[in-house]
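Notes to accompany the following structure.
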Amino acid sequence: MTSTESPNPLRELAPSELREHTASTLARARDRSVALTDAVDDEDLTRQHSKLMSPLVWDLAHIGSQEELWLVRDVGGREPLRPDIDDLYDAFQHPRADRPSLPLLGPAEARAYVREVRSKAFDVLDQAPLEGRKLTEAAFAFGMIAQHEQQHDETMLATHQLRRGEPVLHAPEPPPRRVGGAAPEVVVPAGRFLMGTSVEPWALDNERPAHEVHVDTFVIDTFPVTCGQYVAFLETGGYDEPRWWSEAGWAYRSEHDIAAPRFWRREADGWWRTRFGVHEPVPADEPVVHVSFYEAEAYAAWAGKRLPTEAEWEKAARHDPATGRSLRYPWGDEEPTAEHANLGQRHLRPAVIGAYPAGASPLGVHQLIGDVWEWTSSDFGGYPGFTAFPYREYSEVFFGPGYKVLRGGSFGTDAVAIRGTFRNWDYPIRRQIFSGFRCARDPRPDERA
């Protein structure tokens, strides 16, 4: 069976429809940025809530600066609005810990700046040809900027999780469990599948090109590891047993005296957590969140399993054994809806396992998109035939063993910034991000295809 890849319907849109879709996607990102920054007062906006994160006002102006550089200046060929601030908002020039000391735009000035940039970007979108350049083909540059803004919106949401004080963000609860009796694991048969993409017009360079990969038979958890399952690891002394941890993981756990997921603490009546200013009991059926790669790796070893490789994760998420196709999403090729996955910050927490039966993959694996980013065992690197575009600093400078790949997005991720091929990466120590995991294992003899 020949491996094929599902096409993206964006390529079928007429130019006017593509412009309308792109404008709506940009507007959705800006609505989220405004909601996150308007939720706090100016003092909170300019404060650094953690040295791991920028002040929220830096993220806001950085969003505008990148939009100006790529859409207004490059695609539009317009005169620079604020060339004097280019260096201030260059993420590679200033570490996050140092950004509060910079002469940043104040809240009012930052808001005015991003509004002016957006007005000019919309004007460019109305007039620019969406062909003739790789950067503008199928509105790629505009899609790249929408994804960039939504990625910073998720970063700003993580900053909100780190801030102290009364809750300022509010959202309805996610749906209840709708799947009962599902098997705890799924066997994925051996074979080749098409990994990555060569057809998604807004896919980023590290997702390209599509290439066939052989994956041996493996077994993967049907759902992400839950808080209740993770508590069993805690209660049996998992954080006190070096045998479950890698050498690097144990050194990190010991140096920082880590004894539970970030934002958890043990109280007389059990485990509690703080979530966006709300102090609440840890919910047993939600995917565990705010764990590092090292913690995920240790849990998997304790459970007699391991973390999936990136290729295993993607095969479980995209491969349709009936057709041999690699789907755009686990459920098929249509864009995510509220029935498919917990995305877009519509809920400020992971949903319980089994909440999204419509989002299951053809192999029967659930909640691969949304809820929590899932750690894999793979280092971040380029695919065979990788080409940096439109700049090396998006992906290539991070390639190597220092970063681990995460997949699937979280409740804080927008639909434009996640798909079956999307790759995230971070240091294995990161815990403030919305990261969880699921386990995999090698098959027993009776499970091999």
Side-chain angles (χ1 to χ4, degrees), residues 161 167 170-186 219-241 244 258-305 307-308 341-343 345-357 359-360 364-375 406 408-412 431-441:
Q161 170 64 11
H170 306 281
E173 293 297 299
R177 184 167 186 154
R178 300 171 184 172
V179 175
E185 297 176 315
V186 171
V219 183
I220 192 166
D221 290 350
T222 303
F223 301 104
V225 170
T226 65
C227 295
Q229 291 170 317
Y230 202 85
V231 164
F233 173 59
L234 284 170
E235 299 290 6
T236 56
Y239 278 77
D240 301 318
E241 287 281 355
W244 306 129
I258 292 171
R262 184 147 194 188
F263 309 112
W264 284 31
R265 73 182 187 200
R266 190 76 163 87
E267 298 192 359
D269 56 348
W271 288 96
W272 286 64
R273 72 178 182 188
T274 301
R275 181 182 58 82
F276 300 112
V278 176
H279 191 51
E280 61 189 13
V282 167
D285 289 339
E286 279 186 17
V288 66
V289 64
H290 298 302
V291 290
S292 68
F293 168 83
Y294 291 136
E295 290 165 287
E297 183 183 46
Y299 173 95
W302 170 82
K305 300 184 180 183
L307 296 180
N342 182 8
L343 292 167
Q345 304 185 24
R346 71 170 65 94
H347 312 296
L348 294 175
R349 63 193 304 159
V352 297
I353 61 168
Y356 293 98
V365 188
H366 287 250
Q367 283 164 270
L368 287 151
I369 299 291
D371 289 308
V372 292
W373 287 103
E374 298 185 19
W375 289 108
L406 302 103
S410 77
F411 64 88
R431 292 168 15 114
Q432 83 276 14
I433 60 176
F434 304 114
S435 52
F437 64 102
R438 74 181 70 216
C439 296
R441 62 176 174 84

>> Measuring only between side-chain heavy atoms, which start at C-beta, is R273 closer than 4.5 Å to H290?
In response: no

>> When you measure from the side chain of S435 to the backbone of W373, do you find a donor-acceptor pair of N or O atoms at a distance under 3.5 Å?
In response: no

> Taking the inter-plane angle between the rings of W302 and Y299 on a 0 to 90° scale, is it parallel (under 30°), tilted (30 to 60°) or perpendicular (over 60°)?
Replying inline: tilted

> Is the shortest heavy-atom distance from the side chain of V288 to the side chain of C227 under 4.5 Å?
Replying inline: yes

> CG of L343 to CG of D371: how many Å apart, nearest 0.5 Å?
Replying inline: 8.0 Å

>> Between E295 and S292 (side chain of the first, backbone of the second, donor and acceptor by atom type, cut-off under 3.5 Å), is there such a pair?
In response: yes

> Should the pair H366 and F223 be assigned to parallel (<30°), tilted (30 to 60°) or perpendicular (>60°) ring geometry?
Replying inline: tilted

> Do T222 and V179 pass the side chain to side chain contact (heavy atoms under 4.5 Å, CB included) test, and can you show the C-alpha distance, the side-chain angles, and the key distance before you say yes or no?
Replying inline: CA-CA 11 Å; T222 303; V179 175; over 6 Å; no

> Could you give the distance from CZ (F411) to CD (Q345), rounded to the nearest 0.5 Å?
Replying inline: 8.0 Å

> To the nearest 0.5 Å, what is the distance between CD (Q229) and CG (D285)?
Replying inline: 9.0 Å

>> I'd like to know if E235 and R266 make a salt bridge, using a cut-off of under 4.0 Å between side-chain N and carboxylate O.
In response: yes

>> Return the CD to CD1 distance between E374 and I220, rounded to the nearest 0.5 Å.
In response: 7.0 Å

> To the nearest 0.5 Å, how far apart are NE2 in H347 and CD in E173?
Replying inline: 9.0 Å

> Side-chain contact, heavy-atom cut-off 4.5 Å: W271 with R265?
Replying inline: no

> Do R262 and Q161 touch side chain to side chain, with heavy atoms closer than 4.5 Å?
Replying inline: no

> If you measure from the Lys or Arg side-chain nitrogens to the Asp or Glu carboxylate oxygens, is any gap between R275 and E286 under 4.0 Å?
Replying inline: no

> Which class fits the ring pair Y230 and W264: parallel under 30°, tilted 30 to 60°, perpendicular over 60°?
Replying inline: perpendicular

> At what distance, to the nearest 0.5 angstrom, does SG of C439 lie from CG of L307?
Replying inline: 6.5 Å

>> Would R438 and L368 count as a side chain to side chain contact (heavy atoms under 4.5 Å, CB included) here? Give the steps.
In response: CA-CA 9 Å; R438 74 181 70 216; L368 287 151; 3.8 Å; yes

